[in-house]
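Encoded as structure tokens, the structure appears first; notes follow it.
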Amino acid sequence: MFNRLFLDHPRDVGESYGEHFATAAGFGVRMVGGGLACIVHAVVPVLFVRTASDTVKSLYATMKARQPAFAKEPPAFAAPEWQLDYEI
């Protein structure tokens with residue numbers, strides 16, 4: 001049970017529990033920070049104009065770089081069909 005709860009998934013992705021904890025916690029902190037910036041932006045639109053978009057792009061790039069099969073491909077948000085007329 002202990003292995004299933006704490007060790008199996010980190011091993012599946014080639015990390016120790018500590019490495020996986022640090023990576024997952026780092027992603028979580030960045031997502032919460034981006035989310036809070038987005039909420040502040042909703043109230044005062046002149047603040048944090050690009051923070052949420054930049055956070056999502058950065059997280060995507062980090063996640064993609066961790067997957068060797070996808071690391072060589074350009075990010076999806078760089079493709080013309082994904083270009084937006086606005087950013088949050």
Side-chain angles (χ1 to χ4, degrees):
M1 180 67 138
F2 180 84
N3 279 342
R4 188 174 66 80
L5 289 175
F6 296 102
L7 301 177
D8 287 350
H9 175 65
R11 286 179 186 148
D12 288 344
V13 295
E15 296 175 333
S16 68
Y17 175 83
E19 291 169 330
H20 191 269
F21 176 89
T23 300
F27 269 79
V29 167
R30 290 165 64 189
M31 289 192 305
V32 168
L36 290 173
C38 199
I39 291 168
V40 170
H41 173 73
V43 176
V44 184
V46 73
L47 299 177
F48 304 112
V49 175
R50 296 184 49 89
T51 305
S53 298
D54 289 345
T55 300
V56 170
K57 289 176 183 178
S58 173
L59 288 168
Y60 174 79
T62 302
M63 181 66 73
K64 189 173 179 180
R66 294 170 46 81
Q67 300 173 6
F70 299 108
K72 295 178 184 176
E73 296 177 20
F77 60 79
E81 62 269 18
W82 286 94
Q83 297 303 307
L84 302 174
D85 294 332
Y86 65 91
E87 291 195 37
I88 297 174

query: N3 and R11: side-chain contact (heavy atoms from CB on, under 4.5 Å), yes or no, with the steps?
result: CA-CA 10 Å; N3 279 342; R11 286 179 186 148; 4.2 Å; yes
- prompt: Which pair of heavy atoms, one from P10 and one from S16, lies closest together, and at what distance?
  reply: CB-O, 3.8 Å
- prompt: For the residue pair G14 and E19, what are the closest heavy atoms and their distance?
  reply: O-OE1, 4.3 Å
field: Common cluster, Y17/F2, ILVMFWY with side-chain heavy-atom separation under 4.5 Å
entry: yes
message: Between V32 and V29, is there shared hydrophobic-cluster membership here, with clusters defined by ILVMFWY side-chain heavy atoms closer than 4.5 Å?
response: no
message: side-chain contact (heavy atoms from CB on, under 4.5 Å) for E15 and R66? Distances and angles first, verdict last.
response: CA-CA 11 Å; E15 296 175 333; R66 294 170 46 81; 2.6 Å; yes
query: Under the 3.5 angstrom rule, does the side chain of T62 hit a backbone N or O of S58 as a donor-acceptor pair?
result: yes
What distance do [X] atom [atom1] and [Y] atom [atom2] have between them, rounded to the nearest 0.5 Å?
X	Y	atom1	atom2	answer
H41	S53	NE2	OG	8.5 Å
F48	I39	CZ	CD1	11.5 Å
F6	M1	CZ	CE	9.5 Å

- request: Could you tell me whether F21 atom CZ has more than 12 heavy atoms of other residues or ligands within 6.0 Å of it?
  value: no
- prompt: Less than 4.0 Å between a side-chain N and a carboxylate O, is that true for R4 and D8?
  reply: no
- prompt: Name the one of K64, K57, M63 that satisfies side-chain contact (heavy atoms from CB on, under 4.5 Å) with Y60?
  reply: K64
field: Sole candidate of L47, V49, D54, T55 that passes side-chain contact (heavy atoms from CB on, under 4.5 Å) when paired with T51
entry: T55
